[in-house]
Amino acid sequence: MIETERLTKRYGNLLAVDQLSFTVGQGEVLGFLGPNGAGKSTTMKMLAGFLSPTSGTARICGFDVEKDPVQAKRQIGYLPEGAPAYGEMTPRKFLEFIADIRDLRGQEKRRRLDQVIDTLHLEPVMEQPVDNLSKGYKRRVGLAQAIIHDPRVLILDEPTDGLDPNQKHEVRSLIRDMAADKIIIISTHILEEVHAVCHRAIIIARGRILADDTPEALEARSERHNAVTLRFAEAAPDDAVTALRALDGVASVGSGDDHSVTILPAGGGSLLPAVGRLALERGWQVAELQVEQGQLDTVFRQITTADAGEEART
Ligand code: ADP
């Protein structure tokens with residue numbers, strides 16, 4: 001388990017991380033979401049033992065990152081932002097070097113090296129200097145060094161940043177495959193990534209937690225959650241908008257192009273049964289009926305812009 005309690009980091013006058021408290025359990029993939037400068041990397045660096053907290057605590061599988069740094073670090077694989085490696089080394093030399101640091105020896109070292117080379121499809125580039133590799137391969141080398149000791153906890157800072165769509169897909173599959181017996185924290189500003197790999201997302205801004213929920217529950221906060229769009233076979237009947245507006249639980253009704261009408265619920269309630277009944281009663285010729293889940297990016301904007309508004313007022 002990872003547990004933080006009022007974890008805080010100041011850089012001079014700047015409060016980068018402000019009393020973050022959260023826990024993550026085995027089998028969970030937690031997404032850290034936030035605008036640039038929110039404090040995601042700083043939090044990850046403190047968890048990985050690369051930065052000392054100004055105050056508060058973080059425990060990795062029971063080991064305090066400050067009081068028991070060696071044990072805490074042993075549990076962790078960390079992919080820093082940009083996945084730096086030693087550019088003049090080949091992936092083979094680099095990974096052997098990391099394996100040595102991680103105390104892997106003899107057969108175990110060879111077995112783990114073979115495994116990460118295979119998992120991350122690194123074989124074709126093992127003898128080229130890291131500097132000459134494509135971004136995709138560099139990131140894979142970074143991931144390989146993070147998982148070489150088969151850690152219980154993985155902390156991955158923007159693991160798919162700069163990768164092409166196929167490479168993104170591959171890295172996400174890899175994260176999903178590893179998730180069952182690990183604790184994984186990834187930071188990202190790509191919201192589709194949260195859907196693809198995360199069980200839970202923490203939205204942070206200005207170093208504070210603004211939301212902590214499943215991607216589905218976050219979507220349910222969208223004003224478009226459960227919005228119903230009716231597309232009529234021909235022009236919308238004259239009484240449609242008025243009749244729909246009169247239904248219980250309707251916040252607003254808007255007409256779109258293509259003979260469609262969208263009904264937004266008040267408080268996110270389900271409108272589908274009532275809209276369906278009304279369409280039947282009135283004998284409307286409905287070509288299409290759609291219910292929206294709400295989009296994570298809308299919710300992200302709702303939550304973070306509300307916070308930015310607050311910042312402007314304080
Ligand atoms: P994120 O990863 O969410 O983009 P960071 O954790 O990198 O955010 O940064 C949080 C805040 O701390 C930002 O305002 C950033 O400019 C500042 N910051 C980050 N690293 C340092 C540093 N080494 N010295 C001073 N300020 C820093």
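Both ligands and their constituent atoms are indexed starting at 1 by order of listing. Index from 1, following the sequence.
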Considering both backbone and side-chain atoms of [X], is one of its nitrogen or oxygen atoms within less than 3.5 Å of a nitrogen or oxygen in ligand 1?
{"X": "Leu14", "result": "no"}
{"X": "Asn36", "result": "no"}
{"X": "Lys40", "result": "yes"}
{"X": "Gly39", "result": "yes"}

Are [X] and [Y] close enough that a side-chain donor and a side-chain acceptor fall under 3.5 Å?
{"X": "Glu127", "Y": "Thr90", "answer": "no"}
{"X": "Thr229", "Y": "Thr262", "answer": "yes"}
{"X": "Tyr11", "Y": "Thr42", "answer": "yes"}

Is the side chain of Arg152 donor-acceptor paired with the backbone N or O of Gln75 at a distance under 3.5 Å, no angle test?
no
Taking NZ, NE, NH1 and NH2 as the nitrogens, is one of them in [X] or [Y] under 4.0 Å from a carboxylate oxygen of the other?
{"X": "Asp161", "Y": "Lys135", "result": "no"}
{"X": "Lys109", "Y": "Glu96", "result": "no"}
{"X": "Asp100", "Y": "Arg102", "result": "no"}

What is the closest protein heavy atom to atom 6 (O) of ligand 1, and at what distance does it sit?
Thr42 OG1, 2.5 Å
Tell me the protein heavy atom at minimum distance from atom 24 (N) of ligand 1, and give that distance in Å.
Tyr11 CD2, 3.5 Å
Going by heavy-atom distance to atom 2 (O) of ligand 1, choose the closest among Ser41, Ala16, Ala38, Ala205.
Ser41
Quick one: which of Gly34, Gly207, Gly37 has a heavy atom closest to atom 1 (P) of ligand 1?
Gly37
Note: ligand 1 atoms sitting under 4.0 Å from heavy atoms of Pro35 are 3 (O)
Right, does atom 18 (N) of ligand 1 have protein non-hydrogen atoms nearer than 4.0 Å?
yes
Determine whether Asp239 and Arg282 satisfy the following criterion, salt bridge (Lys or Arg N to Asp or Glu O under 4.0 Å), listing intermediate values before the conclusion.
CA-CA 10 Å; Asp239 62 341; Arg282 305 264 167 142; 2.8 Å; yes
Please verify whether a non-hydrogen atom of Gly12 lies at under 4.0 Å from ligand 1.
no
